Amino acid sequence: MSRLSVPFATIAFSGLAGLGLSVPAAQASSFADCAATLTGLGLSASVAATTCAQAQFPTDLSSCTDRLTSSLKLSAADSLAACRSVRKPLAVASCAERLQDAGGATPALIADGCRLSLLPDRYADCVLGLGDSLTLTRDELLRVCANNGDVPRRIYPNFTTLGETQRESLPAVSPAPRP
């Protein structure tokens, strides 16, 4: 097999240069786009600056905030709060849009459920899938599915969250023996 004689990084940077963008300019543009979107939603310049500066992917954060504001009709501040402390803001926005399109649920509960879920797409699948076969309200399904994921108690039986009292111990999960 022959090896590439040009390193991948050279190809990637050349591609950006061919578009007329340098890497620093492209990164600066994502921060500028984030700030413009957030201020366009009515957030103050200082909130936009702080939030965009702290974001790993500023355009994902601002896109999530914009999508939640428009689909859930939440305030920009509430939408930003749902998007800013998650690993995958675009997955949160997608989850919220899917659940809102299905109707019948409280927008704040939708945003909270998608935000708190480690796997927002799976969370939406759970709510929508159970909703197709059960007669529970959407708000009840949001709560049920929020409690179904991988919880630390399965690995650490005595795990408690802040403000929670010690629960009865659940048996720890042991790995299956290898054949």
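In this text, all values refer to a predicted model and were calculated from it rather than measured experimentally.
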Distance-minimising heavy-atom pair for [X] and [Y]:
| X | Y | answer |
| --- | --- | --- |
| Ala105 | Asp139 | CA-OD1, 3.3 Å |
| Cys114 | Ala96 | SG-N, 3.4 Å |
| Ala111 | Leu74 | CB-CD1, 3.8 Å |
| Val127 | Leu141 | O-CD1, 3.7 Å |
| Thr69 | Ser79 | OG1-OG, 3.0 Å |
| Leu90 | Cys64 | CD2-N, 4.4 Å |

Is the backbone N or O of [Y] less than 3.5 Å from a side-chain atom of [X], with the two atoms forming a donor-acceptor pair by type?
| X | Y | answer |
| --- | --- | --- |
| Thr51 | Ala48 | no |
| Thr50 | Val47 | no |
| Arg138 | Thr106 | no |
| Tyr123 | Arg115 | no |
| Ser117 | Leu119 | yes |

For this session: Could I get the full list of side-chain hydrogen bond (donor to acceptor under 3.5 Å, both in side chains) partners for Thr135, not counting sequence neighbours?
Result: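 Per chain and number, Thr135 pairs via side-chain hydrogen bond (donor to acceptor under 3.5 Å, both in side chains) with no residue.
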
Exercise. Does the side chain of Pro107 reach to within under 4.5 Å of the side chain of Lys73, using non-hydrogen atoms?
Worked result: no

Exercise. Given side chains that start at C-beta, do those of Arg98 and Asp125 come closer than 4.5 Å, heavy atoms only?
Worked result: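 Side-chain contact under 4.5 Å: yes.
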
Exercise. Between Ser94 and Glu97, is any side-chain donor less than 3.5 angstrom from a side-chain acceptor?
Worked result: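 Glu97 and Ser94 do not have a side-chain donor-acceptor pair below 3.5 Å.
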
Problem set entry | Thr59 side chain to Asp33 side chain, donor-acceptor N/O pair below 3.5 angstrom | no

Exercise. Which pairs, with at least one residue in residues 78-91 and sequence neighbours excluded, count as a salt bridge (Lys or Arg N to Asp or Glu O under 4.0 Å)?
Worked result: none

Roughly how far, to the nearest 0.5 Å, is [atom2] of [Y] from [atom1] of [X]?
| X | Y | atom1 | atom2 | answer |
| --- | --- | --- | --- | --- |
| Thr37 | Leu80 | OG1 | CG | 11.5 Å |
| Asp66 | Leu41 | CG | CG | 5.0 Å |
| Leu142 | Thr137 | CG | OG1 | 8.0 Å |
| Cys34 | Phe57 | SG | CZ | 13.0 Å |
| Leu43 | Cys52 | CG | SG | 9.5 Å |
| Asp60 | Arg67 | CG | CZ | 9.5 Å |

Problem set entry | same_hphob_cluster(Leu116, Leu72) at 4.5 Å side-chain heavy-atom cutoff |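 They do not share one cluster, since no chain of ILVMFWY contacts under 4.5 Å joins Leu116 to Leu72.
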
Exercise. In the single-linkage hydrophobic clustering (I, L, V, M, F, W, Y; side-chain heavy atoms under 4.5 Å), do Leu99 and Leu134 co-cluster?
Worked result: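 Cluster IDs for Leu99 and Leu134 match.
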
Problem set entry | Candidate pair Leu130 and Leu136, rule side chain to side chain contact (heavy atoms under 4.5 Å, CB included), full reasoning | CA-CA 8 Å; Leu130 291 178; Leu136 298 173; over 6 Å; no

